[in-house]
Every structure is written in C-alpha cells, then in structure tokens.
Number of protein chains: 2
Amino acid sequence: MYQPDDTDYEILRLLQRNGELTNKEIAFSIGKSIATIHERVKRLKEEKYIKRTVAILDRKKINKNLIAFSHVLLSDHAFETLNTFEKEVSKFPEVMECFQMTGTFDFILRIATSDMDSYHEFYRHKLAKLPNIATVQSFFVLSETKSDTAYPL
Amino acid sequence: MYQPDDTDYEILRLLQRNGELTNKEIAFSIGKSIATIHERVKRLKEEKYIKRTVAILDRKKINKNLIAFSHVLLSDHAFETLNTFEKEVSKFPEVMECFQMTGTFDFILRIATSDMDSYHEFYRHKLAKLPNIATVQSFFVLSETKSDTAYPL
DNA sequence: ATTGAAATGTAGGAAAC
DNA sequence: GTTTCCTACATTTCAAT
C-alpha cells in the first residue's frame, strides 16, 4: 500500500486550506519542482487521499441561517431498522451529515435550513415520519466560533 | 447588495459538489458561454458567496480514525469566560469546529484524533485545562452514514 | 449582462540526466 | 527527483452587442 511521505503531507496540508493552489505555487512554497508536485498530487488523487475538491459557501449568504444538531434514538437496533434509517435520512437534502454514535443515542444529524419554520417543517414532515424513531433531541447553533474542514496534519 | 440569480445558484450548486469543474464544463452544463461563467464565478468569489475552495481528505487514510463530538458546559456565562474559551479552544488543531449552542450546554466541538489514546491526551492536557469548564460530555463516531459539505440549494 | 476571439498561463505527458 | 520540451486546455482580457 502507498505511504505518503513528508512532501505529500505538506501538499495535503496546503490543499486542505486552499484547493485552488497551482502546482507552481505549491512547488515554490515547499521548494520542489513543478513536475514533482504534479506527480504527487496526481497520486494523492488516484489513491483517494484527496477524496474531492469542493467550494465552501457562506451559509448566511445563501439563506441557511439555522443549523441544528439532532440526536436521534431509534426504538430498536435490528439490522434492518438501522439500515432503513440510514438510507432514508441520507436522502433528505437538509441532512448534511449523519453519524452513528456511541453513547445514549444512535445518530447525530447536522441539519441546514433557512429558519425555525423550515426546520419545523422538516422535522414534522420528514424526520419524524421515518419509521422506528424513538426520540429526537435538537440543539441549534447560536454562533460559529470555528468552522474548519481541514484535519490536523 | 448583490443578489445572485438562478444562473449563479446553478453554478454554486455545481461547485459545491466539485470545485475542480472548469468554466468550460460549467458553461456546457448550464448552457451559457465560458465568459459568462467566468464573470459569475469571479463575482461569487469577490462577494464571498464562495468563501474558499478546499481539498477534502479521506480521514482514515491520514490516520484521523476517531472523531468526537463534545458538549461543553462552562461554569459561568460572563462575557470574558465565553470569549476566553472560544479563543483558546480555537487554537487547538484537533478542534475542527466549535459552535455555541442553545440548550443545556454551551458549545459543541468536533474533535479529530488518531485514536482513543490521543483523544485522551487531548482531553486531559488541553481541553480540560482550559479555565471555567464545568462539564464535558463526549460522543464518538462509530460510522459515517453521510458526510457532506454542500448545502441544499 | 453576454458573447466570440485573442493573449497568457497552467496542466499533463514524455524525454534525458 | 529535476529539467526541458511539447501539446492541449484553461484562464483572463477585451471590443462589440
């Protein structure tokens, strides 16, 4: 299996912060040739160290003013119950993230809507209608102190 | 204030999913000229609708196998207490996100580490040493059902 | 605001060292 | 890993609509 070295990690560090850097800029920044960077980046993408490159939008400007974290507990933990929940909840565009968790509930969802009315609409007519939901406890974001997609490397 | 139209939203929708699309590809996909797309994208960046473009890494490949969501309650809510917490917690590279929340605790943190030992290390020697922490309750990700950076548009 | 066309720069591949 | 060369695209600017 492919093991990235220090140079690769330097590149990942940079591209995690700014995916628009050119090979030339990266080469200059870490003191290697353009051809080397070209080769490294190509491999990092082929090997899926870089899953994809995406634009990060300002959610307030696109009217996603309300972010909720919801803790979901299911009524049972049969394989089919978990599977169905995961499959169905993933279809909702409002649900940006869904993680199965350790602890006193089963899933954390990150839900993006424009305001409390839209959240309520989503909750009543989509989330709460899924089968085998025992409880949903929701917490709302008051302010973002830090919001980063980059992992510490 | 600048108000994006349907064409702009089409572009945002596409770039949220794939930030590497060329103007040519976008132009073809939504039936406009390359120069138009160029103009729109430039403005969407200038006006900060697009905050930045980033590479999304495969966290398991870069050894960030443990993601925790931690609920933090502070011992008081004086302006300075909140401020100091936000400032200090943001400095930790393990903390990818920090949100102030409504409800029975004050903050949600998303923490990325390699394993439970490193998490413990972070918790004991960094997080728990911050002043005015009353309680920290942590939940760990078992599996990712959906993990998206794109807002519904 | 949108377009086609021209100039400049970058990507991507291949060669030799 | 670097350097050079090359072709193919992509970006960027601009005059015209």
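Below, all heavy atoms of this structure are taken into account, side chains as well, without hydrogens, waters or symmetry copies. Reminder, nothing fancy here: chain letters follow the sequence lines and each chain counts from 1.
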Out of [options], which has the shortest distance to the side chain of [X]?
X       : options                : result
B/Thr36 : D/dG1, D/dT3, C/dT2    : C/dT2
B/Ser33 : D/dT3, C/dG4, D/dG1    : C/dG4
B/Lys32 : D/dT3, C/dT2, D/dG1    : C/dT2
A/Asn23 : D/dA10, C/dA11, C/dT10 : C/dA11
B/Lys24 : D/dA10, C/dT2, D/dT11  : D/dA10

Please report the distance, rounded to the nearest Å, between [atom1] in [X] and [atom2] in [N].
X       : N      : atom1 : atom2 : result
A/Glu20 : C/dG9  : CD    : C1'   : 16 Å
B/Asp5  : C/dA1  : CG    : C1'   : 10 Å
B/Ile34 : C/dT3  : CD1   : P     : 11 Å
B/His38 : D/dT13 : NE2   : C1'   : 8 Å
A/Arg43 : C/dG12 : CZ    : C1'   : 16 Å
A/Ile11 : D/dG1  : CD1   : C1'   : 13 Å
B/Phe28 : C/dT3  : CZ    : P     : 15 Å
B/Arg40 : C/dT3  : CZ    : P     : 9 Å

Under 4.0 Å, heavy atoms only, any strand: does B/Lys42 hit a base, just the sugar-phosphate, or nothing?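 B/Lys42: no heavy atom of the nucleic acid under 4.0 Å.
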Pick base, sugar-phosphate or nothing for B/Thr22, based on heavy-atom distances below 4.0 Å to the nucleic acid. sugar-phosphate
B/Tyr49 and B/Tyr2 aromatic centres sub-6.0 Å: yes
Sub-3.5 Å donor-acceptor pair from the side chain of B/Arg40 to the main-chain atoms of B/Ile11, do we have one?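 Absent.
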Ignoring hydrogens, what is the shortest heavy-atom contact between B/Arg13 and B/Leu153? Give both atom names and the distance.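 B/Arg13 and B/Leu153 have their closest heavy atoms at NE-O, 3.0 Å.
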Do the side chains of B/Lys146 and A/Glu86 get close enough for a salt bridge, i.e. N-O under 4.0 angstrom? no
Ion pair check, B/Lys32 and B/Glu39, cut-off under 4.0 Å: no
